[in-house]
Number of protein chains: 2
Amino acid sequence: MVRDKAETKARILAAVGRLLAESGFRSLGVNAIAREAGVDKVLIYRYFEGLPLLLQSFAQEGDYWPTVDELVGDESAVNAETLADWMAYLLSRFSDQLQERPMTQEILRWELLEGNELTRELANVRDKFALDSLNFLAEKESFPPDKDIPAISAVLVAGVVYLMLRTKSSSTFMGIDFSSPAGWQRIQAALDTIVQLTVDGKP
Amino acid sequence: MVRDKAETKARILAAVGRLLAESGFRSLGVNAIAREAGVDKVLIYRYFEGLPLLLQSFAQEGDYWPTVDELVGDESAVNAETLADWMAYLLSRFSDQLQERPMTQEILRWELLEGNELTRELANVRDKFALDSLNFLAEKESFPPDKDIPAISAVLVAGVVYLMLRTKSSSTFMGIDFSSPAGWQRIQAALDTIVQLTVDGKP
DNA sequence: TATCATGGTCACCGAGCGGTGACAAGCCCG
DNA sequence: CGGGCTTGTCACCGCTCGGTGACCATGATA
């Protein structure tokens, strides 16, 4: 209708994003995308040579992960001194950022369910972001040699991610109610407790 | 072929379990189940009144969660004194049990992706198991009032579950390689560190 | 004005899905 | 023996899916 290839391609890519954020990756079919974009599906094949390459294009363009700078925010305004302070702060920010990014949540779900080439690529991007964050921490204060800070971080981040992904479909986990802010505050407090006692505590 | 209603029903239920463990919940369709069971799909409708009730039957019969007794194992042989010792022990056992139960992993994935009546029921069963475990801990040694042991447990269990579910499709997380035992040993050690320093540490 | 590549529309294909109606084979009980 | 019930088989429906070929519309160029 518009006779503009670039715009049509952009429309299709935008439709992928909308569909992903709203309905999850299971609804990412050629028909659904074309419908959402208001475009004939044959154009998907013409412009992207099929769904896999379309998704790959989307993965390269989309900014579903924050940069470390975005994660940290205004560094001078952060009231953190010790390594534990910084870890707790980053965890808290990570949790907030993740909550605001349904598309990112959906990608994490996707990684969990399907091990294809695309999700592996997405996982690489995510892991790069994670390592950047670890490096940022290490520059603040070098890691204590007697504790495996990356492994500890992995457990805590994994916990946050899992709890976050759960809340969409189920509201309680281990007796904690995540439908109210109170539940999340308990988790937040628990994270603080863990980080402070584990990272700064004497070995 | 066998003209035995009870056995046919059992076959169908068994097929659900096999299919779930091997191919995940996304392949749980009427056609696939009937094929796997070597049974005409019309019998599923006759005997279970459709897929939802079949899955409900399966959920009630299947033992995808261990009991707390199974989780603990031979209690007298456990070398644990403090609350932290017990928590670390249970976490470790939980991790092992989960690794051995692909069907349980698949149910956890399912809970994460779909919020229907069935998964909510499954979530209830799981949460009951979790609360039983917490009660078991509380009987060993009452929780310190200045720490939110359930919330701390939730974070750690969530972390273990997430890392476990990831390993099927992706082998690294935050730079840790989970394809080798070494990666898991780091996680195990991190959990021990966290629990010991957090639960037994001074507030 | 005629040509021709580009961008878009439409109709169709085979396959798999969930779901149903009609019918055949075996069995119990009169 | 002969109804009637149970158990299982088969064929079919409508729908959506991914994927493709044929065609129409537009606009630049010769």
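Quick note on labels: first sequence line is chain A, next is B, and so on, each numbered from 1. Here the structure is a predicted model, which is why all the values come from computation and not from measurement.
Over its full length, the helix from dT1(C)-dA30(D) to dG30(C)-dC1(D) turns its helical axis through 30°, comparing axes from the five pairs at each end and rounding to 10°.
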Q.
side chain to side chain contact (heavy atoms under 4.5 Å, CB included) for Gln99(B) and Thr167(B)? Distances and angles first, verdict last.
A. CA-CA 10 Å; Gln99(B) 196 153 28; Thr167(B) 50; 5.9 Å; no
Q: Applying side chain to side chain contact (heavy atoms under 4.5 Å, CB included), run through Met164(B) and Ser95(B) and close with a yes or a no.
A: CA-CA 8 Å; Met164(B) 191 71 76; Ser95(B) 174; 3.6 Å; yes
Q: I would like to know whether Leu197(B) and Lys147(A) meet side chain to side chain contact (heavy atoms under 4.5 Å, CB included); could you show each step before the answer?
A: CA-CA 11 Å; Leu197(B) 292 180; Lys147(A) 286 165 189 163; 3.9 Å; yes
Q: Take Val16(B) and Leu55(B), measure what side chain to side chain contact (heavy atoms under 4.5 Å, CB included) needs, and give me the verdict at the end.
A: CA-CA 8 Å; Val16(B) 171; Leu55(B) 295 182; 4.1 Å; yes
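Tyr162(B) and Phe173(B) have perpendicular rings, their planes meeting at more than 60° on a 0 to 90° scale where under 30° would count as parallel. Under the 30°/60° scheme for interplanar angles, the aromatic rings of Phe25(A) and Trp110(A) are found to lie parallel.
Listed candidates were dT9(C), dT9(D), dA25(D). Nearest to the side chain of Leu43(A) is dT9(C).
Here the side chains of Asn135(A) and Val68(A) are not in contact, with every heavy-atom distance at 4.5 Å or above.
By the 4.0 Å N-to-carboxylate-O rule, Glu106(A) lies close enough to Arg109(A) to be salt-bridged with it. A salt bridge links Glu114(A) with Arg26(B): at least one charged nitrogen is closer than 4.0 Å to a carboxylate oxygen.
Here the C1' atom of nucleotide dA5(C) and the NZ atom of Lys5(A) are 12 Å apart, to the nearest Å. Between the CZ atom of Arg11(B) and the C1' atom of dT7(D) there is a distance of 13 Å, rounded to whole Å. In this structure, Glu49(B) atom CD and dG18(C) atom P are separated by 18 Å, rounded to whole Å. Going from atom CD1 of Ile44(A) over to atom C1' of dG8(C) covers 13 Å, rounded to whole Å. Rounded to a whole Å, the OH atom of Tyr47(B) is 7 Å from the C1' atom of dT6(D). At whole-Å resolution of the value, CD in Glu7(A) and C1' in dT6(C) are 16 Å apart. For the pair Asp4(A) CG and dA28(D) P, the interatomic distance rounds to 13 Å; values are reported in whole Å. Note: CZ (Arg46(A)) to C1' (dG7(C)) measures 7 Å, nearest angstrom.
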Q: Scan nucleotides 12-20 of chain D nucleotide by nucleotide, 5' to 3', and note B when protein non-hydrogen atoms come under 4.0 Å of the base, S if they reach only the sugar-phosphate, - if neither.
A: -----BBBB
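Applying the 4.0 Å criterion to OP1 and OP2 of dG8(C), one finds that Thr8(A) has a side-chain N or O inside that range.
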